[in-house]
Amino acid sequence: MAFGLSMFLPFAPQVTLAQDYLPNRPGTASGVTLGLAMSVGGLLSPLFGMLADARGLTTTLTGMLVVLVAACALALRMRDRDLSTEPPTGGQSPGPGGGGDGAGGGRHGHDDPDAPQVHTLVSGG
């Protein structure tokens, strides 16, 4: 049981990291991350098995270590994520009354910048 748990333990941080890098497409980030991890693991397992049969366990474990070191080197080269709490405005001013919370002005709570905007006229009299 501990082995099975440890095999799937890194998936949550991987998905979280992918969603941080693609904040506008969390579904795509999750799918690619999990799908790629499972697919590559499934494709390389038979190859490592054939390598173990042909060259021995020491060579196979050395090959796995090379893959791990290459992954760590690539991970260290990744740029830092921007974790600011303010959503990007896209150069548009939210207008009077703030933006996006339905309190007036702005996009009236819509996340789609192409959505039609409703403006009301207030008479002064």
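Computed over heavy atoms, backbone and side chain alike; hydrogens, waters and symmetry mates excluded.
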Can you find a heavy atom in the side chain of Phe48 that is under 4.5 Å from one in the side chain of Val67? yes
When rounded to the nearest 0.5 angstrom, what distance separates OG1 in Thr62 from CZ in Arg55? 13.0 Å
Does the side chain of Leu44 come within less than 4.5 Å of Val40's, by heavy atoms? yes
For residues Gly56 and Thr60, report the shortest heavy-atom separation together with the two atoms involved. O-OG1, 3.0 Å
Ser45 to Gly41 - nearest heavy-atom pair and separation: OG-O, 2.8 Å
Heavy-atom pair with the smallest gap, counting every atom of Ala18 and Ala29: O-CB, 3.4 Å
Going only through I, L, V, M, F, W and Y residues with side-chain contacts under 4.5 Å, is there a path from Leu47 to Leu61? yes
Grab the two heavy atoms, one from Ser30 and one from Val15, that are nearest each other, plus how far apart they are. OG-CG1, 3.5 Å
Side-chain heavy atoms of Pro13 within contact of Leu17, under 4.5 Å: no
Mind checking the CD-CG spacing from Gln19 to Asn24? Nearest 0.5 Å is all I need. 12.0 Å
Leu34, Leu36: one ILVMFWY side-chain cluster at the under-4.5 Å cut-off? no
Is it possible for you to say whether Leu51 and Met64 belong to one hydrophobic cluster, with membership spreading through side-chain heavy-atom contacts below 4.5 Å? yes
